[in-house]
Amino acid sequence: METRPAFWLESDNQKACEIAKIVGYLVVVFDMEHGTLDEHALDRLVPFCNGIGLETYVRVSESTQPRIQMSLDIGANGVILPQIRDLAHARNAAAYSKYPLRGTRGLGYSRTQLYGAATNEFIAMENQIRRCYVMIETAEAFEDALEIARLDCVDGLFIGPADLSLARGRGVFAARSDDISDMTRIAQIAKDAGKLWAVAAGNAAYRKAVLPLGPTFATSADDLSALLTGFRHMLDRHDAV
Ligand code: 3PY
Ligand code: MG
């Protein structure tokens, strides 16, 4: 399957989502970890983006039960769990994304249930369609990546190259050969485990290396850098006639 182009949303900007969809992006990742979106904005933007045909993921601010459940309850296609420390942390956090017996997600009263009572069919379907990606961006999670990928509640691995570079002692990420080989190892582990994988790939050289390996989706932009690039471009042309 073709890699789906994805972008991060860092601020409460509905029109950025519309514009990204118009130019061809297919996946939005709401960044609650580093962005300034609050939960009310998410509650509005997730159904909006689903409605215009974007696939919706929430990178939760922290990999805790309320954050994960709320993101899924309002209708996101999946969650991305940041700063996973190791196998034990991954097992515990990913379980919040699946209802028992598979996991430990709590049952609410939400949009996904059409604001009504749940059925057993709903439970089974939710566990299948809502995806849980665990981020590999700490040194311990990198070591444990194979066991993490094999966890039943983990649907995929998501590579965070910036934090991984720092955590692996290379300093700031610069798409060097070690970054590429770490990425290649994680991708192979996901494939061997029969799981999905995706990646933050804002760096062009890194993207060139990662795309041939076939991630499910890859981010290449965010609303703020799109504005920065756009304003810079317009100012450069300011005096042109
Ligand atoms: C990382 O590269 O560390 C990320 O979290 C991607 O935003
Ligand atoms: Mg990170």
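Each ligand, and each atom within it, is numbered from 1 in the order the structure gives.
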Inset, instruction - May I ask you to decide if the ring planes of Phe217 and Tyr133 are parallel, tilted or perpendicular, using 30° and 60° as cut-offs? - result: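 Perpendicular.
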Inset, instruction - Mind running ring-ring contact (aromatic ring centres under 6.0 Å, His included) on Tyr57 and Phe158 for me, showing each step along the way? - result: CA-CA 12 Å; Tyr57 288 89; Phe158 189 101; 8.6 Å; no
Inset, instruction - Would you list the protein N, O or S atoms within less than 2.8 Å of the Mg ion (ligand 2), leaving out water? - result: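 The answer is Glu137 OE1, Asp163 OD2.
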Inset, instruction - Please list, chain by chain and in numerical order, all residues satisfying side chain to side chain contact (heavy atoms under 4.5 Å, CB included) with Ser225, sequence neighbours excluded. - result: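 By the side chain to side chain contact (heavy atoms under 4.5 Å, CB included) rule, Ser225 matches Asp222.
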Legend entry - Arg59 to Phe30, cation-pi by 6.0 Å centre distance and 45° axis angle: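 Geometry flag: not set, cation outside 6.0 Å or 45°.
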Inset, instruction - Examine distances only and state if a side-chain atom of Arg4 and a backbone atom of Ala218 form a donor-acceptor pair shorter than 3.5 Å. - result: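 Not confirmed, Arg4 side chain does not pair with Ala218 backbone.
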Inset, instruction - Tell me, yes or no, whether the heavy-atom count around Arg111 atom CZ, taken from other residues, nucleotides or ligands under 6.0 Å, exceeds 12. - result: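 Yes, CZ of Arg111 has more than 12 neighbouring heavy atoms, counting only those of other groups under 6.0 Å.
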Legend entry - Gap between atom CG of Leu81 and atom OH of Tyr96 - 0.5 Å precision: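 Reported value, rounded in 0.5 Å steps: 11.0 Å.
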Legend entry - Tyr99: partners by side-chain hydrogen bond (donor to acceptor under 3.5 Å, both in side chains), with sequence neighbours left out: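 Only Arg105 meet the side-chain hydrogen bond (donor to acceptor under 3.5 Å, both in side chains) criterion with Tyr99.
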Legend entry - Short N-O contact, Asp182 and Arg176, less than 4.0 angstrom: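 Result for this pair is no, no salt bridge flagged.
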N or O contacts of ligand 1 with protein under 3.5 Å, please list pair by pair.
{"from": "ligand 1", "atom 1": "2 (O)", "to": "Pro161", "atom 2": "N", "distance (Å)": "3.1"}
{"from": "ligand 1", "atom 1": "2 (O)", "to": "Ala162", "atom 2": "N", "distance (Å)": "2.8"}
{"from": "ligand 1", "atom 1": "3 (O)", "to": "Glu137", "atom 2": "OE1", "distance (Å)": "3.0"}
{"from": "ligand 1", "atom 1": "3 (O)", "to": "Asp163", "atom 2": "N", "distance (Å)": "2.9"}
{"from": "ligand 1", "atom 1": "3 (O)", "to": "Asp163", "atom 2": "OD2", "distance (Å)": "3.1"}
{"from": "ligand 1", "atom 1": "5 (O)", "to": "Arg59", "atom 2": "NH1", "distance (Å)": "2.7"}
{"from": "ligand 1", "atom 1": "5 (O)", "to": "Glu137", "atom 2": "OE1", "distance (Å)": "3.1"}
{"from": "ligand 1", "atom 1": "7 (O)", "to": "Arg59", "atom 2": "NH1", "distance (Å)": "3.3"}

